Amino acid sequence: MEQPEVLTDLDVASASGTTKSVMKKLPEVTLAFWIMKIAATTLGETAGDLFAQTLKLGYFLTTIALFLIFVVTLVVQMRSSHYNPFFYWTVILSTSMAGTTMSDFMNRDASAAYLSNGATKLGWGPQGLGLGYPAGAAILISILLAIFLAWKLSGMTFQIRDIVTFRGEALFWSAILVSNTLGTSMGDFLSDSSGLGYAGGALLVTGVLAVLVALMKVPAVPNVLLFWIAFVLTRPLGATAGDFLTKPVAKGGLDLGTAGSSAVLLAVLFGLMAYAQIQENRSAVRPATREQDPVTRTAD
């Protein structure tokens, strides 16, 4: 029988060899999953820019605040005994927002190239490390590879559907945070430095994602590898989409503003979360209903 896709229900074998169902904590990978991922990462881009740039809190303070929010949402998610769409996608959103400002702090500085309207300072503290997008991306790729190496050396599977331990989930979320930060660097590079612009960068990433979809039909290519590549690449897609919505028309954007764009995207994401919660509740009720049917028929 063909193995189910990653991030489906978690099944483990007991010591006696029988199989028991473990309450899943991660969603199934479907088209709705990727739509929510892109919505969350686009919102992460616009919301991160809203706090750091529009409200002028700066990359340093905003990164600290958003990282603390990430820690809080992660604790809630990891303490949950089952998959809850609001818990899960709130962590994804918090990693996207924190990843946006972490990337900006690493790559940018207080020069005119990064601060608009003649500003020379954003908020309190260091204005940025000024590493640049290539150096920042290289550092983040190295960190992500180190996480995957530690994951492999731990002996735990990369099949996300089989994560049932605290350590495994901690490695998973560490990889998510770094991959979202890396994706921001890639998206900003495509938008600002590659010459492709916001729309061109988004089209390039979309084309690469289409190739990944085609590779899913190739048995020699592991689906776990495709999942992580796609997970990283949907972040620059969200970054370029967010920039396209918020940046001035003169720079190729729609100039909708970070506040308005974030509000609309937040409403869309919460709507999708609510729908996912309804679907999850229905799937939880169906097995119980089937188990009760024989009893009901006997009573009749």
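This is a predicted model, so every value here is computed, not measured.
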Does [Y] offer a backbone N or O that forms a donor-acceptor pair with the side chain of [X] under 3.5 Å?
{"X": "Gln127", "Y": "Gly125", "value": "yes"}
{"X": "Thr95", "Y": "Ile92", "value": "yes"}
{"X": "Arg108", "Y": "Leu129", "value": "no"}

Any idea how [X] and [Y] line up, ring-wise: parallel (<30°), tilted (30 to 60°), or perpendicular (>60°)?
{"X": "Tyr133", "Y": "Phe189", "answer": "perpendicular"}
{"X": "Phe86", "Y": "Phe270", "answer": "tilted"}
{"X": "Trp151", "Y": "Phe172", "answer": "perpendicular"}
{"X": "Phe231", "Y": "Phe33", "answer": "tilted"}
{"X": "Phe227", "Y": "Trp34", "answer": "tilted"}

Going hydrophobic residue to hydrophobic residue with side-chain gaps under 4.5 angstrom, can you get from [X] over to [Y]?
{"X": "Val76", "Y": "Phe70", "result": "no"}
{"X": "Leu203", "Y": "Leu196", "result": "no"}
{"X": "Val91", "Y": "Leu68", "result": "yes"}
{"X": "Leu256", "Y": "Val249", "result": "no"}
{"X": "Val232", "Y": "Leu149", "result": "no"}

Please examine the side chains of [Y] and [X], heavy atoms only from C-beta on, and report whether any two atoms are closer than 4.5 Å.
{"X": "Pro126", "Y": "Phe105", "result": "yes"}
{"X": "Leu245", "Y": "Glu45", "result": "no"}
{"X": "Leu233", "Y": "Met186", "result": "yes"}
{"X": "Pro85", "Y": "Tyr88", "result": "no"}
{"X": "Gln77", "Y": "Glu169", "result": "yes"}

Measuring from [X]:[atom1] to [Y]:[atom2], what's the distance to the nearest 0.5 Å?
{"X": "Leu209", "Y": "Ile38", "atom1": "CG", "atom2": "CD1", "value": "7.0 Å"}
{"X": "Leu50", "Y": "Ser261", "atom1": "CG", "atom2": "OG", "value": "10.0 Å"}
{"X": "Leu122", "Y": "Tyr59", "atom1": "CG", "atom2": "OH", "value": "5.5 Å"}
{"X": "Thr234", "Y": "Ile35", "atom1": "OG1", "atom2": "CD1", "value": "12.5 Å"}
{"X": "Met102", "Y": "Leu66", "atom1": "CE", "atom2": "CG", "value": "10.5 Å"}

Heavy-atom pair of closest approach, residues [X] and [Y]:
{"X": "Ser94", "Y": "Ile69", "answer": "CB-CG2, 4.3 Å"}
{"X": "Asn180", "Y": "Ser96", "answer": "ND2-OG, 3.7 Å"}
{"X": "Leu177", "Y": "Ala98", "answer": "CD1-CB, 4.4 Å"}
{"X": "Ala202", "Y": "Leu237", "answer": "O-CD1, 3.7 Å"}
{"X": "Leu171", "Y": "Ile147", "answer": "O-CG2, 3.9 Å"}
{"X": "Leu272", "Y": "Ala39", "answer": "CD1-CB, 4.4 Å"}

- So with a 6.0 Å cut-off around NZ of Lys152, is the heavy-atom count from everything else above 12?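 At most 12 heavy atoms, drawn from other residues, nucleotides or ligands, come within 6.0 Å of this atom.
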Between the side chains of [X] and [Y], does any donor sit under 3.5 Å from an acceptor?
{"X": "Ser185", "Y": "Ser103", "answer": "yes"}
{"X": "Thr184", "Y": "Arg235", "answer": "yes"}
{"X": "Ser262", "Y": "Thr46", "answer": "yes"}
{"X": "Thr258", "Y": "Thr246", "answer": "no"}

- Message: Can you confirm whether or not the ring centre of Trp228 sits under 6.0 Å from the ring centre of Phe148?
- Response: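 Here the rings of Phe148 and Trp228 have centres that are less than 6.0 Å from each other.
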